[in-house]
Amino acid sequence: MSQLRIEHISKWFGRQHVLHDISFTFQPGQVNMIIGPSGCGKTVLLKCIVGLITPEEGKVYFGDINFLDLSPEEKRNILRNLGMLFQSSALFDSMTVGENVAFPLRVFTQQSEAEIQDRVAYCLERVGLAGTQEKYPAQLSGGMKRRVGLARAIALNPQYLFCDEPNSGLDPLTARRIDELIQELTEEFHTTTVVVTHDLKSVMDMGQRILFLYEGRAEWQGSKEDMLREIAALPSNLQAFLKASGLVRA
Amino acid sequence: MLMNLILKGFESFGEYLLLLRRSFTGLLRFRLYWELWTFESIKIGRDSLFLVTIISLFTGAVTTVQTAYQIVSPFIPKSTIGAIVSTSAILELAPTITSLVLAGRVGSNIASQIGSMRVSEQIDALEVMGINSATYLILPRLFGAIIFFPVLVIYSCFIIHVGGILAGMISGAVNPTQFVIGIRSFYEDFQIIFMLIKAFTFGFIISTVSAYQGYYVRGGALEVGNASTRAVVISSLMILVADYVLAQLLL
């Protein structure tokens, strides 16, 4: 069921048309990136996919199942197969790091406390934070919080991994480490990974399939290789976006 | 302008009812709610005890002194002071004053906690995990409030009587024996039932109104503060309205 496909997604906020008829297929086992300038609708699209926002039109297929046709209970069953890393990390600040990572395990599995603790230790070690179980989110740096967010996202072995601006506000070294982790976890768990970002360095480092949004429209989609092969043939907005990053020649 | 306000009021009330309905669906395993309920009950119950004690003690004392001041006729027995203070405590002071005070303490706490979780995407994180955030966040607080508000109100009622007896002794207005005779002469079992119905209703109002205000916060820290203030104001108003409606219906 790990293929993810969106068809003709449109979203309005009042009279503002924020997403225009967007279709895309996210490939399993790959890092799929939704890129574009700030305010172009990337996060709104991501929230439409995971059900936090309901689009006015369109379909979101997890495998062959249209997520938007499901009852709330059926949706929750699908959601248990996905992990999400939020821009703000969204760690539960009343819980320790260990409790945060253990939370989905306690809610959705019948594992014993010892098994849960083993899994928590493995997930934290996987993101380079072994031994931090007893700390509270307030005691962590921004980069550490993101890594705990990732550890929580992979606790249940998800089929889908969603990351909203995973390295925004982080120093370049930490940002690259987060990118590497996302890439490694995608390969290890063979997840369908969707990353929303405006950081072209991330796109160059880990992007495989790319969807470029501009003012709520899907202006271009394809592989990273396609994008870099013939820059002059790309839509002018994507060309300008690439050139502004300084990573490709003007 | 007025029409818009009325429509907005109806819209909010509808949203509040829908949230309440949603908070009873999609229940997960009992242990999860038990832990949260225990945590919330401690916060609502134990952490409010000191405030309730102080307020109830002084409410009882002031009511006794003021009642004594108003009774000037030598033909009215001193025990009447105990009767008036006791009846007022059971019917009005313990449930209403305690609940109004707790609307400030417990209500603002619930609204700001849930509101902070909303603006820091913690509620979104729950939803994406497949957890009904309304059930997870509201149900334990609601049950904490409707179980522990009556307990706090019974305690408050007791302390008001203690305050009354102490003030009567200190001021010389009425001695403890006369005070207790007054309490017993006008006591009816239904008054206690009425007090508990009020406490249960006010607990329900405070927890759900505050949770609603916090749950639908949009924006940042400023809006969380505003939601917290709104939770206290609206809960207090609804307590006063419910107080009148219950008195009219049940007495």
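All chains are named by letter (A, B, ...) in the order of the sequence lines, taking the proteins before the strands, and each is independently numbered beginning at 1.
- In Arg218(B), the CZ atom is crowded: over 12 heavy atoms of neighbouring residues, nucleotides or ligands sit closer than 6.0 Å.
- A distance of 12.0 Å separates CG of Leu126(B) from CG of Leu79(A), quoted to the nearest 0.5 Å.
- Taking a 6.0 Å sphere around CZ of Phe10(B), one finds it holds 12 or fewer heavy atoms contributed by other residues, nucleotides or ligands.
- Residues Val107(A) and Tyr136(B) fail the side-chain proximity criterion, which asks for heavy atoms closer than 4.5 Å.
- Of the inter-residue distances, the one linking Arg76(A) atom CZ with Glu127(B) atom CD reads 7.0 Å to the nearest 0.5 angstrom.
- More than 12 heavy atoms of other residues, nucleotides or ligands lie within 6.0 Å of CD in Glu188(A), so this atom counts as buried by the packing criterion.
- Remark: Arg106(A) CZ to Glu35(B) CD distance equals 7.5 Å, nearest 0.5 Å.
- Closest non-hydrogen pair, Glu121(B) versus Gln87(A), comes out as OE1-N, 3.9 Å.
- Note: Arg152(A) leads Arg152(A), Lys47(A), Glu73(A) in heavy-atom pairs under 4.5 Å with chain B.
- The number of heavy atoms from other shown groups lying within 6.0 Å of CD (Gln110(A)) does not exceed 12.
- Looking at Leu91(A), the atoms closer than 4.5 Å to chain B (heavy atoms on both sides) all sit in the backbone: N, CA, C or O.
- Heavy-atom distances place no part of Phe162(A) under 4.5 Å from chain B, backbone and side chain included.
- For Asp93(A), the parts lying near chain B are the backbone and the side chain together; criterion is any non-hydrogen pair under 4.5 Å.
- The two atoms that bring Met129(B) and Pro104(A) nearest to each other are SD-CB, 4.5 Å, heavy atoms only.
- Residue Lys59(A) qualifies as open at atom NZ: its count of foreign heavy atoms under 6.0 Å is 12 or below.
- Between the CE atom of Met117(B) and the CZ atom of Phe92(A) there is a distance of 5.5 Å, given to the nearest 0.5 Å.
- At most 12 heavy atoms of other shown residues, nucleotides or ligands fall within 6.0 angstrom of atom CH2 in Trp34(B).
- Heavy-atom distances place no part of Lys75(A) under 4.5 Å from chain B, backbone and side chain included.
- Heavy atoms only, all atoms of each residue included: Ser120(B) and Ser88(A) are closest at O-OG, 3.2 Å.
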